[in-house]
Amino acid sequence: MPELPEVETTKRGLEPYVVGQTIERLLVRDARLRWPVAPALPRQLKNRVVQALERRAKYLLFRFEHGTVISHLGMSGTWRVVADVANSEQDYRTHDHLALRLGSGDELRYHDPRRFGCFIFTKMPAEHPLLSKLGPEPLGDCFDGDYLFARSRGRKAPVKSFLMDNHVVVGVGNIYAQEALFRAGIHPLRLAGRVGHERYHVLAAVVREILTVAISRGGTTLRDFRSSNGEPGYFAQELNVYGRAGERCHGCGSVIKQARLANRTTGYCPTCQT
DNA sequence: AGTTTAACCTGGGTGC
DNA sequence: TGCACCCAGGTTAAAC
């Protein structure tokens, strides 16, 4: 589920429930996430106050006075808020791996069937390997066509791989990489170093627009964090190539093709994308 | 150093 | 029903 827009939506949804709250208890029901949840973590967080909840790339950052929890949703992670938890403590669902009991009486529960997510505490987040090498935010000021053009010179990887590289720019996942390249008219297999300045200008603008629109969609589908999440709609109606192999291009009517790139399915229009 | 590949997991769908 | 396979919104570490 989580691409950048959903992580952002999750962050905005949790924020009012968690910021300023004291962690009364962290319950680790299953520590086997991408990296095991440290046995010391419940003790480290007990009675600490969440100063802020932020997003960097697809990471959620729980800020405390003494450090930061770096959390990721992996491929299948979700958070939800359970209100008045004293009366519903036993209704944990399968794959509810973490439970954060808050001073308010609410409980934040982390659910992740595939367990690709993580929940790591560090005192120096800026130096943490997971964060220190990340590229700029796609919705931030540093990301534009000039930047992409400069970074891509000499690169021989396909432009789609380049766009999905977290060292280049963060938050562009498999769906939005495909959709952005379609809208920019760029073939996903074209070498990054052989895409021109003007096309990178278009690509950067399109990435921004797609993510911005998707965030607005996520905000509507995931607004109620106190009930179980409905499946996000992602803007299924606006999808042009993702999951559409064999169907007709919305632009020209050609049959959408599919390629395998870095083990990821990649749809594209052989006519519109060059 | 840049690029590709394998690996981490569960669950849902498909085909035999 | 069962089973064997393939696929899935991500990312790192290892291998070319």
Side-chain angles (χ1 to χ4, degrees), chain A residues 1-11 29-37 55-60 70-79 93-98 110-120 122 128-135 138 150-181 188-195 207 210-211 213-215 217-218 221-222 229-236 238-246 258-267:
Chain A
M1 302 193 190
E3 291 235 18
L4 182 146
E6 277 186 320
V7 180
E8 178 64 25
T9 302
T10 297
K11 178 244 171 190
R29 302 187 70 241
D30 192 338
R32 298 173 302 162
L33 300 184
R34 171 102 201 232
W35 295 282
V37 179
R55 179 189 62 75
R56 171 74 174 110
K58 293 172 187 166
Y59 294 98
L60 285 173
I70 303 171
S71 180
H72 198 290
L73 302 175
M75 293 272 260
S76 58
T78 53
W79 284 93
R93 303 170 185 182
T94 306
H95 307 305
D96 277 351
H97 303 315
L98 304 175
Y110 179 64
H111 181 269
D112 185 5
R114 291 175 75 178
R115 306 205 313 270
F116 285 177
C118 68
F119 197 79
I120 296 172
T122 176
H128 196 281
L130 289 178
L131 302 181
S132 63
K133 294 177 179 174
L134 292 176
R151 284 298 302 269
S152 63
R153 291 311 87 187
R155 293 288 202 113
K156 295 188 173 180
V159 62
K160 187 201 176 207
S161 302
F162 173 73
L163 188 60
M164 291 180 70
D165 185 343
N166 277 340
H167 301 98
V168 174
V169 60
V170 301
V172 184
N174 195 35
I175 293 178
Y176 298 121
Q178 292 173 60
E179 293 301 315
L181 288 168
L189 295 174
R190 177 174 285 276
L191 303 190
R194 305 213 35 203
V195 175
V207 165
I210 285 182
L211 292 177
V213 171
I215 286 172
R217 296 292 190 278
T221 55
L222 290 176
N229 300 332
E231 284 302 305
Y234 268 101
F235 67 28
E238 287 121 301
L239 291 176
N240 286 299
V241 284
Y242 174 79
R244 294 197 66 243
Q258 192 172 84
R260 197 87 183 156
L261 193 41
N263 267 332
R264 312 301 294 273
T265 299
T266 306

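Per chain, numbering begins at 1; letters A, B, ... match sequence-line order.
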His72(A) NE2 - dG9(C) P separation (whole Å): 14 Å
dC8(B) pyrimidine/purine six-ring stacking with Phe116(A), under 5.5 Å and 30°: yes
Set of residues satisfying salt bridge (Lys or Arg N to Asp or Glu O under 4.0 Å) with respect to Arg29(A), sequence neighbours excluded: none
Side chain to side chain contact (heavy atoms under 4.5 Å, CB included) partners for Pro36(A), two or more places apart: none
Whether Gln178(A) side chain and Thr265(A) backbone form a donor-acceptor pair below 3.5 Å: yes
Would you list the protein and nucleotides 12-16 of chain C atom pairs, both N or O, that sit under 3.5 Å from each other?
residue, atom, partner, partner atom, Å
dT12(C), OP1, Tyr59(A), OH, 3.4
dT12(C), O4', Arg34(A), NH2, 2.8

Contact residues, residues 153-164 of chain A to DNA chain B [heavy atom, < 4.0 Å]: Arg155(A), Lys156(A), Ala157(A), Pro158(A)
Backbone of Ile210(A) reached by a side-chain donor or acceptor of Glu179(A) within 3.5 Å: no
Check: protein-nucleotides 4-8 of chain C nitrogen or oxygen pairs below 3.5 Å:
residue, atom, partner, partner atom, Å
dA8(C), OP1, Thr265(A), OG1, 2.3
dA8(C), OP2, Arg260(A), NH1, 3.1
dA8(C), OP2, Arg260(A), NH2, 3.4
dA8(C), OP2, Thr265(A), OG1, 3.4
dA8(C), N3, Arg114(A), NH1, 3.2

dC9(B) and dA14(C), which share atom name P, separated by this distance in whole Å: 15 Å
Protein-nucleotide distance (Leu60(A), atom CG; dT11(C), atom P), rounded to Å: 12 Å
Ile120(A)/His128(A) under side chain to side chain contact (heavy atoms under 4.5 Å, CB included): CA gap, chis, key distance, verdict: CA-CA 10 Å; Ile120(A) 296 172; His128(A) 196 281; 4.2 Å; yes
Contacts of Arg244(A) that satisfy side chain to side chain donor-acceptor pair (under 3.5 Å) - sequence neighbours left out: Glu247(A), His250(A)
Stem list, DNA chain C (Watson-Crick or G-U pairing under 3.5 Å, at least 3 consecutive pairs): B:2-8 with C:10-16, B:10-16 with C:2-8
Nucleotide dA1(B), atom P - distance to CG of Asp165(A) in whole Å: 15 Å
Residue list, side chain to side chain contact (heavy atoms under 4.5 Å, CB included) with Ala31(A), at least two apart or on another chain: Val28(A), Val37(A)
Interatomic distance, Ile70(A) CD1 vs dT11(C) C1' [rounded to whole Å]: 14 Å
Contacts of Leu191(A) that satisfy side chain to side chain contact (heavy atoms under 4.5 Å, CB included) - sequence neighbours left out: Arg194(A)
Value in whole Å for how far the C1' atom of dT10(B) lies from CZ of Arg93(A): 17 Å
Spacing between Arg32(A) atom CZ and dC9(B) atom P, to the nearest angstrom: 8 Å
Value in whole Å for how far the C1' atom of dT10(B) lies from CG of Asp96(A): 15 Å
Listed pairs under 3.5 Å, donor-acceptor, residues 161-169 of chain A side chains, sequence neighbours left out:
residue, atom, partner, partner atom, Å
Asp165(A), OD1, His167(A), N, 2.8
Asp165(A), OD1, His167(A), ND1, 2.9

Residue list, ring pair (Phe, Tyr, Trp, His ring centres under 6.0 Å) with His111(A), at least two apart or on another chain: none
Residues forming a salt bridge (Lys or Arg N to Asp or Glu O under 4.0 Å) with Arg115(A), sequence neighbours excluded: none
Nearest-angstrom distance, P atom, dA6(B) to dC6(C): 14 Å
Plane angle bin for His72(A) and Tyr59(A) - parallel if under 30°, tilted between 30 and 60°, otherwise perpendicular: perpendicular
Gap between atoms NZ and P, on Lys133(A) and dG2(B) respectively (whole Å): 12 Å
Main-chain N/O of Gly193(A) paired to Ser152(A) side chain as donor or acceptor, under 3.5 Å: no
Heavy-atom donor-acceptor pair, Arg55(A) side chain to Ala57(A) backbone, under 3.5 Å: yes
